[in-house]
Structure formats: C-alpha cells, structure tokens
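These notes concern the structure reproduced below.
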Amino acid sequence: MSKPSVLFVCVHNAGRSQMAAGFMRELGQGRVEVLSAGSAPKDSINPIAVEAMAEVGIDIANNTPKILTPEAVQASDAVVTMGCGDACPYYPGKRYEDWVLDDPAGQGIESVRVIRDDIKARVEKLLAELLA
C-alpha cells in the first residue's frame, strides 16, 4: 500500500500549516507523505511559530513557505485547510478538512502555544484515521 499523503494549506504557509506539517512529519515517522503550501505565501516562517515548535522539540526553522499548486492538491489524499477560504482548489475524491484555528501572525508566544497544542491534537486524530 502506498503512503497516504496530506497537504496542509493556510494563506501564508508561515504558521498554522507549517506547525501542522511539522507535527505530522514527527508523529507520522515516515508513514505519511507531508506537504504544506499557502495561497499567498510569505517570504519566511513566523518566528513565534518556530519558537513554539522548538519548545516541543520540532524544528521548522529551515522550512520555506510555498505557493499552493493544483498539482500539490491532486497529489494528496487528504487536504487540510486553515482559513484559506475559496483560494483552495477543490477536486472530487479528495478528503477535505477545514480546521478553524486562530492565525498566529502577530500573536505572542502564549497564544501561539495554545494554537500549537490544538494543532497537535488535530494532527494526532488525523494521523490515526489515515493509518487505520
């Protein structure tokens, strides 16, 4: 059986989707293909998101925000969106989930920790379902 693949999408691909991808890579331990992208990617990752992930031992500092492409969506079994609305292309036959999460942009570390922990719980649930 081929590995399931997950695409995490948010607008800037600088916070939420990067944290989700970081958790999925770590928790999935190579059992899941992980992609992340943004509909309007920033130049760099949110430093507070990097700091929050470093606190739990996951390094996302060297990741680069990427533009969302139709090919990335087509290559994925599951597409998780986080506030990108209509910018996310829809293809029949894909599993879609929309995670309603606060945007960590401009927030302090305390707020970002709460978002990080919420993302981790959601990733654990998704991972269990994908590998079931």
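Only this structure's heavy atoms are used, side chains among them; waters, hydrogens and symmetry mates stay out. All of these numbers come straight from a predicted model, not from anything done at the bench.
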Donor-acceptor under 3.5 Å ([X] side chain, [Y] main chain):
X      : Y      : value
Lys3   : Gly30  : yes
Thr81  : Cys10  : no
His12  : Gly38  : no
Gln107 : Asp103 : yes

Kindly give the heavy-atom pair with the smallest separation between [X] and [Y], and that separation in Å.
X      : Y      : answer
Ala21  : Ser36  : CB-CB, 4.0 Å
Asn13  : Lys66  : OD1-N, 2.7 Å
Ala52  : Val112 : CB-CG1, 3.7 Å
Ser5   : Ala75  : OG-O, 3.0 Å
Leu131 : Pro4   : CD2-CG, 4.2 Å
Pro104 : Gly15  : CG-CA, 4.0 Å

Are Leu27 and Val56 connected into the same hydrophobic cluster when the rule is that any two of I, L, V, M, F, W, Y join if their side-chain heavy atoms are below 4.5 Å apart? yes
Can you get from Ile109 to Val114 by hopping between Ile, Leu, Val, Met, Phe, Trp and Tyr side chains that sit under 4.5 Å apart? no
Less than 4.0 angstrom from a charged side-chain N to a carboxylate O is my criterion; do Arg122 and Asp118 meet it? yes
From [X] [atom1] over to [Y] [atom2], what is the distance, rounded to the nearest 0.5 angstrom?
X      : Y      : atom1 : atom2 : answer
Gln18  : Met82  : CD    : CE    : 10.0 Å
Met53  : Lys120 : CE    : NZ    : 9.5 Å
Met19  : Leu101 : CE    : CG    : 8.0 Å
Ser111 : Asp102 : OG    : CG    : 8.0 Å

With a 6.0 Å cut-off (strictly less than), is the heavy-atom count around NZ of Lys94, excluding the residue itself, greater than 12? yes
Please step through salt bridge (Lys or Arg N to Asp or Glu O under 4.0 Å) for the pair Asp77 and Arg95, ending with a clear verdict. CA-CA 6 Å; Asp77 298 308; Arg95 172 183 175 157; over 6 Å; no
Please tell me if the side chains of [X] and [Y] come closer than 4.5 Å, counting only heavy atoms from C-beta onward.
X      : Y      : result
Thr69  : Gln74  : no
Glu55  : Arg116 : yes
Glu97  : Glu129 : yes
Met24  : Val32  : yes
Ile48  : Glu51  : yes
Ile45  : Pro65  : yes
Ile119 : Phe8   : no
Phe23  : Ile60  : no

For the pair Leu68 and Leu7, evaluate side chain to side chain contact (heavy atoms under 4.5 Å, CB included) and give the outcome as yes or no after the intermediate values. CA-CA 10 Å; Leu68 177 65; Leu7 171 64; 3.9 Å; yes
